[in-house]
Q: 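For reference, the structure I am asking about is given below.
Note that this is a predicted model, so its numbers are computed, not measured.
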Amino acid sequence: MNRIAVIIVAGGSGSRMGAEVPKQFLVLDGLPILMHTIRRFAETLADARTIVVLPAAHIGYWRNLCREYAFTTPHEVCEGGATRFESVRRGLDHAGDAGLVAVHDGVRPLVGREVILRAVRDAQAYGAVIPVVAPVDSLRRIADGGSNIVDRSAFRIVQTPQVFHTEILRKAYRQPFRDSFTDDASVVEADGGRIYLCEGSYMNIKITTPVDIVTAEALLKVR
Ligand SMILES: Nc1ccn([C@@H]2O[C@H](COP(=O)(O)OP(=O)(O)OP(=O)(O)O)[C@@H](O)[C@H]2O)c(=O)n1
Ligand SMILES: C[C@](O)(CO)[C@H](O)COP(=O)(O)O
């Protein structure tokens with residue numbers, strides 16, 4: 001396997017969660033969310049270099065949390081930016097000479113070993129791989145003051161880790177930011193890259209609003 005760098009982006013403010021601290025620091029089953037996430041990768045990719053991107057104002061807070069929870073899983077810390085795009089770009093500066101880079105949301109603490117290994121294996125072959133799941137609800141497009149049903153089989157819900165050959169991701173992240181860059185795949189695609197899909201997991205939720213905390217607590221019990 002190529003050497004791999006894991007960039008865990010946790011530089012956001014968690015505005016939709018509305019908590020007193022950014023959601024990545026909230027405690028889930030006795031441990032801050034971000035520590036669950038880092039552990040999942042350390043357990044699965046023991047030799048990977050792990051870079052954790054944090055809000056500049058919370059780096060000291062994180063170091064205190066690590067002491068408080070006696071969290072010793074190895075990781076490097078770097079300062080994030082105003083957007084996820086900027087945070088990933090800064091994380092990439094720390095990826096060194098790894099052949100592959102996996103970018104994962106710090107707020108997806110339930111990511112499983114199978115999804116991580118599948119994305120990494122497929123990225124070695126295809127260069128740019130993202131995990132997805134099929135929507136389980138009906139979908140409607142809002143248009144012209146009304147809405148129309150769309151064919152849900154034509155859509156997939158996108159997750160992380162998104163894994164790339166490092167040179168593909170580095171080149172893509174030299175582009176100027178666009179509002180359409182919601183994930184790493186959108187950045188690579190805008191640079192002319194082709195994105196391959198692999199199977200994600202319905203367990204791999206992104207903690208975004210308070211209800212996700214309740215869901216994640218429940219899911220942790222069944223793992
Ligand atoms: N400037 C930013 C914004 C987001 N992220 C990270 O990208 C991931 C996915 O973003 P999201 O769920 O939108 O997190 P927030 O931006 O923190 O949430 P919100 O949009 O509700 O403010 C999170 O792990 C978040 O910390 C980041 O590293 N740097
Ligand atoms: C990267 C991501 O988690 C893939 O689903 C998602 O695009 C992040 O979106 P958000 O707007 O930052 O919540």
Side-chain angles (χ1 to χ4, degrees), residues 4 6-10 12 14-19 22-45 48 50 52 84 88 100-126 128-142 147 149-164 181-189 194-223:
I4 178 159
V6 176
I7 299 175
I8 297 182
V9 280
S15 56
R16 285 170 287 180
M17 181 62 75
K23 58 191 178 181
Q24 54 273 31
F25 304 125
L26 296 178
V27 173
L28 195 62
D29 196 28
L31 197 69
I33 286 171
L34 184 55
M35 292 184 188
H36 283 279
T37 309
I38 295 170
R39 268 200 188 157
R40 293 274 162 134
F41 277 86
E43 285 164 9
T44 305
L45 301 172
T50 302
V52 177
R84 186 183 185 280
V88 174
L100 285 180
V101 178
V103 184
H104 186 71
D105 294 330
V107 293
R108 289 187 188 267
L110 288 152
V111 63
R113 181 180 174 82
E114 310 72 32
V115 171
I116 297 172
L117 290 177
R118 190 179 299 129
V120 168
R121 182 199 64 206
D122 290 356
Q124 291 184 81
Y126 301 114
V129 173
I130 64 173
V132 298
V133 291
V136 292
D137 297 311
S138 294
L139 297 176
R140 297 186 76 83
R141 182 192 303 279
I142 307 299
S147 68
I149 190 78
V150 294
D151 175 9
R152 70 178 170 185
S153 70
F155 293 88
R156 291 294 179 270
I157 296 167
V158 173
Q159 302 182 337
T160 67
Q162 303 195 351
V163 190
F164 305 88
F181 290 163
T182 58
D183 68 350
D184 313 293
S186 55
V187 180
V188 167
E189 202 163 48
R194 178 163 179 196
I195 305 299
Y196 290 79
L197 308 183
C198 73
E199 191 187 341
S201 164
Y202 291 102
M203 303 271 282
N204 185 17
I205 63 167
K206 180 163 78 68
I207 295 186
T208 307
T209 64
V211 73
D212 298 320
I213 298 278
V214 180
T215 308
E217 290 274 8
L219 289 173
L220 269 173
K221 289 187 174 48
V222 300
R223 286 192 70 93

Q: Measuring from Met203:CE to Leu219:CG, what's the distance to the nearest 0.5 Å?
A: 5.0 Å
Q: Between Gln24 (side chain) and Leu34 (backbone), is there a donor-acceptor pair under 3.5 Å?
A: no
Q: Has Gln159 got a side-chain atom pairing as donor or acceptor with Ser201's backbone, closer than 3.5 angstrom?
A: yes
Q: Minimum heavy-atom separation for Ile33 to Gly106, with atom names?
A: CG2-O, 3.7 Å
Q: Less than 4.5 Å apart, any side-chain heavy atom of Cys198 and any of Tyr126?
A: no
Q: Tell me if a side-chain donor or acceptor on Tyr202 pairs with a main-chain N or O of Ala134 at a distance below 3.5 Å.
A: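 Checking the backbone N and O of Ala134 against the side chain of Tyr202, a donor-acceptor pair under 3.5 Å is found.
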Q: Output the distance between atom CZ (Arg16) and atom CG (Asp212), rounded to the nearest 0.5 Å.
A: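 Taking CZ in Arg16 and CG in Asp212, the distance rounds to 9.5 Å.
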Q: Using 0.5 Å steps for rounding, measure from the CE atom of Met17 to the OG1 atom of Thr208.
A: 7.0 Å
Q: So which of Ile4, Ile7, Val88 actually passes side-chain contact (heavy atoms from CB on, under 4.5 Å) with Val101?
A: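 Running side-chain contact (heavy atoms from CB on, under 4.5 Å) over Ile4, Ile7, Val88 with Val101 returns exactly one hit, Ile7.
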Q: Minimum heavy-atom separation for Ala128 to Val188, with atom names?
A: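 In this case the closest contact between Ala128 and Val188 is CB-CG1, 4.5 Å.
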Q: Can you confirm whether Arg141 sits close enough to Ser147 that some side-chain heavy atom of one is under 4.5 Å from a side-chain heavy atom of the other?
A: no
Q: Can you check whether Leu139 reaches Phe155 side chain to side chain, under 4.5 Å on heavy atoms?
A: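 Side-chain contact under 4.5 Å: yes.
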Q: Which atom pair, heavy atoms only, marks the closest approach of Ile195 to Ala185?
A: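 Smallest interatomic distance, heavy atoms only, reads CD1-O, 3.7 Å.
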Q: For Asp183 and Ser186, test the side chains for any donor-to-acceptor distance below 3.5 angstrom and give the result as yes or no.
A: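 Asp183 vs Ser186: donor-acceptor pair found between side chains.
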Q: Are more than 12 heavy atoms, taken from residues, nucleotides or ligands other than Arg39, located less than 6.0 Å from that residue's CZ atom?
A: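 It does not: Arg39 CZ has 12 such atoms or fewer within range.
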Q: Nearest 0.5 angstrom please: Arg113 CZ to Phe41 CZ, how far?
A: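 Between Arg113 CZ and Phe41 CZ, I get 12.0 Å after rounding to 0.5 Å.
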Q: Compare all side-chain heavy atoms of His36 with those of Leu110 and state whether any distance is below 4.5 angstrom.
A: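 His36 does not reach Leu110 side chain to side chain.
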Q: Measuring from Ile8:CD1 to Thr37:OG1, what's the distance to the nearest 0.5 Å?
A: 6.5 Å
Q: Do any N or O atoms from the side chain of Arg152 and from the backbone of Val136 form a donor-acceptor pair under 3.5 angstrom?
A: yes
Q: Would you say the side chain of Ile207 lies within less than 4.5 Å of the side chain of Ile213, judging by non-hydrogen atoms?
A: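 Yes. Closest side-chain heavy atoms under 4.5 Å.
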Q: For Gly200 versus Val115, what's the shortest heavy-atom pair and its separation?
A: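 Shortest heavy-atom separation between Gly200 and Val115 comes out as C-CG2, 3.9 Å.
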Q: State, with a plain yes or no, whether a side-chain heavy atom of Ser138 is found less than 4.5 Å away from one of Ile149.
A: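 The answer is yes; the side chains approach within 4.5 Å.
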Q: Do the non-hydrogen side-chain atoms of Val107 and Val9 ever get within less than 4.5 Å of each other?
A: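 In short, these two side chains do not touch, never coming nearer than 4.5 Å.
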Q: Where is the tightest heavy-atom contact between Ala102 and Pro161, given as atom of each residue plus distance?
A: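 So the two residues come closest at CB-CB, 4.4 Å.
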Q: Residues in salt bridge (Lys or Arg N to Asp or Glu O under 4.0 Å) with Arg84, at least two apart?
A: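 Result, salt bridge (Lys or Arg N to Asp or Glu O under 4.0 Å) vs Arg84: Asp105, Asp184.
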Q: What pairs with Val132 under side chain to side chain contact (heavy atoms under 4.5 Å, CB included), at least two apart in sequence or on another chain?
A: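 Val132 satisfies side chain to side chain contact (heavy atoms under 4.5 Å, CB included) with Ile130, Arg156, Val158, Leu197 once adjacent residues are dropped.
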Q: Do the non-hydrogen side-chain atoms of His104 and Asn204 ever get within less than 4.5 Å of each other?
A: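 Yes; the side chains approach each other to less than 4.5 Å.
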Q: For Pro22 and Gly12, work out which heavy atoms get closest and say how close.
A: CB-O, 3.6 Å
Q: Measure the CD-CD distance between Glu114 and Glu199 for me, rounded to the nearest 0.5 Å.
A: 10.0 Å
